[in-house]
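By convention in this document, chain letters (A, B, ...) are assigned in the order of the sequence lines, proteins followed by strands, and residues within each chain are numbered from 1.
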Amino acid sequence: MTNKEIAKIFEELAKLLEIKGENPFKIRAYLNASREINSLPYSLESMVQEGKDLTKLPNIGEQIAKKIQEIVNTGKLEKLEKLKKEFPPALLNLLAIEGLGAKHIKTLYENLHFNTVEELQELAKEHKIQTLKGFGPKLEEKIAKGLKLLKQEGIRFLYAQAEPYANELYKYLQNAPTIIRLEIAGSFRRKKETVGDLDIVASASNPQKVIEFFTKFPKVSQIVSAGDTRSTIVLDNSLQVDFRVVKDEHFGSALHYFTGSKAHVLEIRRMAQDLNLKINEYGLFSNDKNLASKEEADIYRAFGMEYIEPELRENRGELEVAKNRTLPKLIELNDIKADMHIYSNFSLGKNSIEEIANYAQKIGYRYIAITDHFGSIESNKIEQYLKEIERLNSKYKDFKIIKGVECDILEDGSLTLNSDTLSRFDIVYGVINSNFKLPKDIQSARLIKAIQNPYLSAISHISNRVIQQDEGIELNYKEIFNALKSNNKLLEINSQPNRLDINDILAKEAKKYGIKFLINSSAKSLEELHYIKYGVNQARRGWLEKGDVLNCLMEFKQIL
DNA sequence: GCCGTTTTCGGCCCGACTGTTTTCAGTCG
């Protein structure tokens, strides 16, 4: 039972209770717990088995702790199972329809007694919905449309997929009439690995004109709403964009509010309440006096805190650390002096080693590691490969190619290449490429054995997940981190946009163990060398500093 | 259902937009 699965149970519980009309604060408590569980670095299942006191976790009290134990021990939650019997499963899906919430769903169900999405679709066609109290023709149409789109529910975009749209929209909006300041906010600004929608904040002397300009963006497929200061559109790739325009003196507080995360903003709101202050998108208020609103930094300053970078705003301890003024100075793209994981056309890559080396120098790298993937029967190829690297190194003056290799970690924890072969490389990556479904303990032992191999330098994309497609392997990270630290081995942050592995939460945790990192593109082409920026994003979200990342060094450091 | 260095009871974020109304409830972020 993974944390994600447990979190999902509490989310479903909250949704059904909402439809039932249960106390909204209780519902919020379940949702808070669900969010908390999703951001835990370690598995709840293990914590339960080790007899840990779950109520020590924020937003987990006695009742929810009991429920977690029940879920871990029996695989399900009786309270949810009972609730599911009260309502047809279709109701949960309906919550995904934009503009349709629990109250409406309750009314629909109690009056029309449908059981499936199809039945509701039919009722909409017969215009039965608009006869209900509180419903009208517009809402009926919205429901009919929403039902057709239901399949797309829950889709988030990879950061890298949303990026070109964000950039294009940003450029377009810069030309909006009377616009003064403009910023993409939300999870995009926080550099999350996936974004659900784009949030954009602007200041202008005439907000209505800017909103009008916004809705005329050429790639708009639907205008969901457009008011005096706020508008929502859907783009042709079905990415939703929420846009907010305020007066320039309110830009800082609006930007802060719409950057989120929700948990971070709510925590600050609680802090404000404790001080008898009020915070909203227009500023921080003491009675009617606005204490901070022009710049984002003013808000943090008003609370006596350091400025908190957007990537840290997840309510994962950053507010407390900011009060102590001991926030990390986050790594930046410019700090990266080398890319230590690149494939050439000796294996998975498109380009020759020479092409890669020339391009790497052009984009300012001091050194790179070429790290092709070789199996056990490729000794001839390996000879050629090493010779080619040596030939090129004798040519270059202020640039060096490190001899690297990537090899598979077999089921018993051994590496595909033997010690003699491995000893000829300066950097050796281990990857798990098979037997993904081993039990957690066995999988962890497999990886630890590889970490103990004296020739191995680093673990690449440790969980082997593919974002939104494959959860990856299960590991006991406490043991893994201990092994990495005691064997002085490196952990990679793989920058492929659908990997970003190891993730932010675990990177932050690994840093506590004193583990050092590499941020690598694992590029298969010259263009993919630029993926490294996504890895840096993830590292920033994991609180990493320049000093945590070895390829920020000016010269290659022998790892072993 | 969670939380608490004023509290173990009584709070729990708040403003914009829409569609339904005729002053507001529901939804969203």
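- Residue contacts shown for A:Ala102 are limited to sugar-phosphate atoms, with no base heavy atom under 4.0 Å away.
- If you check distances only, the side chain of A:Asn23 does reach the base of B:dG1 with a donor-acceptor pair under 3.5 Å.
- Nearest approach of A:Ile299 to A:His256, heavy atoms of both residues: CD1-CB, 3.8 Å.
- Spacing between atom CZ of A:Arg244 and atom C1' of B:dC17 amounts to 10 Å, rounded to whole angstrom units.
- As a whole-Å value, the separation of A:Phe10 CZ from B:dG1 C1' is 11 Å.
- Among all heavy-atom pairs drawn from A:Glu318 and A:Trp543, the shortest one is CA-CH2, 3.6 Å.
- Side-chain rings of A:Tyr282 and A:Tyr257 stay apart, their centers remaining 6.0 Å or farther from each other.
- The pairing partner recorded for B:dT8 is none, the criterion being a Watson-Crick or G-U wobble arrangement whose two distances lie under 3.5 angstrom.
- For A:Lys138, no side-chain nitrogen or oxygen approaches OP1 or OP2 of B:dT21 to under 4.0 Å.
- Taking the side chain of A:Lys278 as heavy atoms from C-beta on, and the options B:dG29, B:dG15, B:dC2, the nearest nucleotide is B:dG15.
- Separating the C1' atom of B:dT8 from that of B:dC3 is a span of 10 Å, rounded to the nearest Å.
- Remark: the separation of the P atoms in B:dC2 and B:dT6 is 23 Å, to the nearest Å.
- Atom name C1', nucleotides B:dT18 and B:dT22: the rounded distance is 16 Å, in whole Å.
- One finds a side-chain N or O of A:Lys67 lying less than 4.0 angstrom from the OP1 or OP2 phosphate oxygen of B:dG1.
- Residue contacts for A:Ile97: at a heavy-atom cut-off of 4.0 Å it reaches the sugar-phosphate backbone alone, with no base atom in range.
- Nucleotides B:dT7 and B:dG11 are separated by 10 Å at their C1' atoms, to the nearest Å.
- Look at the C1' atom in both B:dG26 and B:dT21: the space between them is 12 Å, to the nearest Å.
- At the heavy-atom level, A:Lys103 lies under 4.0 Å from the strands shown only through sugar-phosphate atoms.
- When the P atom of B:dA25 is taken as reference, atom CG of A:Leu139 falls 16 Å away, rounded to whole Å.
- Computed from coordinates, the A:His104 NE2 to B:dG19 C1' distance equals 8 Å when rounded to whole Å.
- In terms of position along DNA chain B, the nucleotide closest to A:Thr229 lies nearer the 5' end than the nucleotide closest to the other residue of the pair A:Thr229 and A:Asp242.
- The residue A:Pro137 sits close only to the backbone: its heavy atoms come under 4.0 Å of sugar-phosphate atoms, none of a base.
- Atom CD of A:Glu267 is separated from atom C1' of B:dC12 by 13 Å (rounded to the nearest Å).
- Look at CD on A:Glu62: it is 11 Å from P on B:dG1, rounded to the nearest Å.
- An anti orientation is assigned to B:dT22, its glycosidic angle lying beyond 90° of 0.
- Between A:Asp197 and A:Arg270, it is A:Arg270 whose nearest contact on DNA chain B lies nearer the 5' terminus.
- Distance noted for atom P between B:dA16 and B:dG10: 32 Å (whole Å).
- Here A:Phe188 and A:Tyr159 bring their ring centres to under 6.0 angstrom of each other.
- No contact: A:Gln130 has no heavy atom under 4.0 Å from any strand.
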Would A:Phe243 and A:Val210 count as a side-chain contact (heavy atoms from CB on, under 4.5 Å) if you check the C-alpha gap in whole Å, the side-chain angles of each, and the deciding distance to 0.1 Å? CA-CA 10 Å; A:Phe243 187 45; A:Val210 178; 3.6 Å; yes

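- Using a 4.0 Å heavy-atom distance criterion, A:Lys133 is classed as making no nucleic acid contact.
- Straight-line distance between the C1' atoms of B:dT20 and B:dT27: roughly 13 Å, to the nearest whole Å.
- Under a 4.0 Å N-O distance rule, the pair A:Lys8/A:Glu5 does not qualify as a salt bridge.
- Between the side chain of A:Tyr282 and the base of B:dG15, no donor-acceptor pair of N or O atoms lies under 3.5 Å.
- When all heavy atoms of A:Lys79 and A:Lys67 are compared, the pair lying nearest together is CD-CE, 3.6 Å.
- Across all strands shown, A:Ile27 has no heavy atoms under 4.0 Å from either base or sugar-phosphate atoms.
- Electrostatic pairing of A:Arg541 and A:Glu314 counts as a salt bridge here, judged by a charged N lying under 4.0 Å from a carboxylate O.
- Taking the side chain of A:Tyr257 as heavy atoms from C-beta on, and the options B:dC17, B:dG1, B:dC14, the nearest nucleotide is B:dC14.
- Taking atom CG on A:Leu17 and atom C1' on B:dG1, their separation rounds to 11 Å, with Å as the unit.
- Contact between the side-chain N/O atoms of A:Asn280 and the OP1/OP2 oxygens of B:dG15 is found at a separation under 4.0 Å.
- Per the geometry, CZ belonging to A:Phe25 stands 11 Å off P belonging to B:dC14, to the nearest Å.
- With distances taken from any side-chain atom of A:Tyr30 to the nucleotides B:dG1, B:dC14, B:dA16, the minimum falls on B:dG1.
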